[in-house]
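Structure first, then comments.
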2 protein chains.
Amino acid sequence: MTPPSGPVRSPDGDGAAGTRVRAARKEIGLTQQGLAAAVQVSRQTIIAMETGDYAPSVYLAIKVAKALRSSVEALWDPEPPGEGLPRAAAAP
Amino acid sequence: MTPPSGPVRSPDGDGAAGTRVRAARKEIGLTQQGLAAAVQVSRQTIIAMETGDYAPSVYLAIKVAKALRSSVEALWDPEPPGEGLPRAAAAP
DNA sequence: GACCAACGTTAAGTCCTCTTGACGTCAAGT
DNA sequence: ACTTGACGTCAAGAGGACTTAACGTTGGTC
């Protein structure tokens, strides 16, 4: 069975990252428009990011994490550190 | 002038992230197929990531960074830490 | 009431991230 | 010579990340 293609998305699809982004944004007192301006995207993009199951490009995620004084892993990692050791990569 | 839409990409478009991903992969002795299997994407995706100006989704980037025992910022941040303080976000 | 800021939804369009399949090249081993 | 593994390129297709524009709702102020 062929998996659907398209950008890799959150494994659980519950929009948890969007909730964390919104919380971090409010933590530093930014509006959605303010964050949008800070990272040079449209406000619609910020709304989609906060309200939906959305997978931004890594470059946008980095800009957002910096603007929110956080890190990409803190905002988007489905398995926060301490929840389990990284899976050992298979050797060739 | 309307900017072209589509995923946010590397600001300098020089494929530097791909070079870092490849170096990190070789550092731990993985083949492209091995990394592809570890992060559950196709080998073509890994090739595109390493050889082109490519902006993976943040979720794929996190999986790759973990498999390579690194971090998203280390592999994809165009401005590594220490190159400048984060820009202060505008208050509402 | 009017006005404003902030937010959420809808729509249509452009661009790119992924997928599979196939082919070719290179290097090492037998 | 042949075989195998590793890598890079090309093609076509599906899905979605972004864009602008517009509208509606909510809450606060005057």
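Every chain is numbered from 1, with letters handed out A, B, ... down the list of sequences.
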Nearest-angstrom distance from the residue atom [atom1] of [X] to [atom2] of [N]:
{"X": "A:Gln32", "N": "D:dC18", "atom1": "CD", "atom2": "C1'", "result": "16 Å"}
{"X": "A:Met49", "N": "C:dG8", "atom1": "CE", "atom2": "P", "result": "13 Å"}
{"X": "A:Leu60", "N": "C:dC15", "atom1": "CG", "atom2": "P", "result": "19 Å"}
{"X": "A:Gln40", "N": "D:dT19", "atom1": "CD", "atom2": "C1'", "result": "15 Å"}
{"X": "B:Tyr54", "N": "D:dT9", "atom1": "OH", "atom2": "C1'", "result": "16 Å"}
{"X": "B:Ile46", "N": "D:dA6", "atom1": "CD1", "atom2": "C1'", "result": "14 Å"}
{"X": "B:Arg43", "N": "C:dG24", "atom1": "CZ", "atom2": "P", "result": "15 Å"}
{"X": "A:Tyr59", "N": "D:dC18", "atom1": "OH", "atom2": "C1'", "result": "17 Å"}

Counting N and O atoms only, with roles assigned by atom type, does the side chain of A:Arg9 sit under 3.5 Å from a partner on the main chain of B:Tyr59, one being a donor and the other an acceptor?
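No, the answer is negative, given that no donor and acceptor are paired below the 3.5 Å cut-off.
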Between the main-chain N or O of A:Glu50 and the side-chain N or O of A:Arg22, is there a donor-acceptor pair closer than 3.5 Å?
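The answer is no, because no donor-acceptor pair under 3.5 Å joins these two groups.
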If you group Ile, Leu, Val, Met, Phe, Trp and Tyr by side-chain heavy-atom gaps below 4.5 Å, do B:Ile28 and B:Ile47 land in one group?
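No, B:Ile28 does not connect to B:Ile47 through the hydrophobic network.
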Nearest listed nucleotide, side chain of [X], among [options]:
{"X": "A:Ser5", "options": "D:dA14, D:dC18, D:dA22", "value": "D:dA14"}
{"X": "B:Thr31", "options": "D:dA6, D:dG8, C:dC7", "value": "D:dA6"}
{"X": "B:Thr45", "options": "C:dG8, D:dC18, C:dT19", "value": "C:dT19"}

Give a yes/no answer on whether the side chain of B:Arg25 brings an N or O atom under 4.0 Å of OP1 or OP2 in D:dA6.
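Indeed not, no polar side-chain atom of B:Arg25 lies that close.
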For C:dC16, does OP1 or OP2 lie under 4.0 Å from any side-chain N or O of A:Ser57?
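It does not, given that no N or O in the side chain of A:Ser57 lies less than 4.0 Å from OP1 or OP2 of C:dC16.
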Residue met sooner reading DNA chain C from 5', once A:Val8 and A:Gln33 are mapped to nucleotides
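Taking each residue's closest nucleotide, the earlier one in sequence belongs to A:Gln33.
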Give one of base, sugar-phosphate or nothing for [X], where a contact means two heavy atoms less than 4.0 Å apart.
{"X": "A:Ser42", "answer": "base"}
{"X": "B:Arg9", "answer": "sugar-phosphate"}
{"X": "A:Ala48", "answer": "nothing"}

Going by an N to O cut-off under 4.0 Å, is there a salt bridge joining A:Lys66 and B:Glu73?
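Answer for the salt bridge query: no.
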salt_bridge(B:Arg69, B:Glu27) N-O dist < 4.0 Å:
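Salt bridge flag = no for B:Glu27 with B:Arg69.
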Considering only heavy atoms and no angle criterion, is a donor-acceptor pair shorter than 3.5 Å present between the side chain of B:Gln44 and the base of C:dG21?
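It does, because a donor-acceptor pair links the side chain of B:Gln44 to the base of C:dG21 below 3.5 Å.
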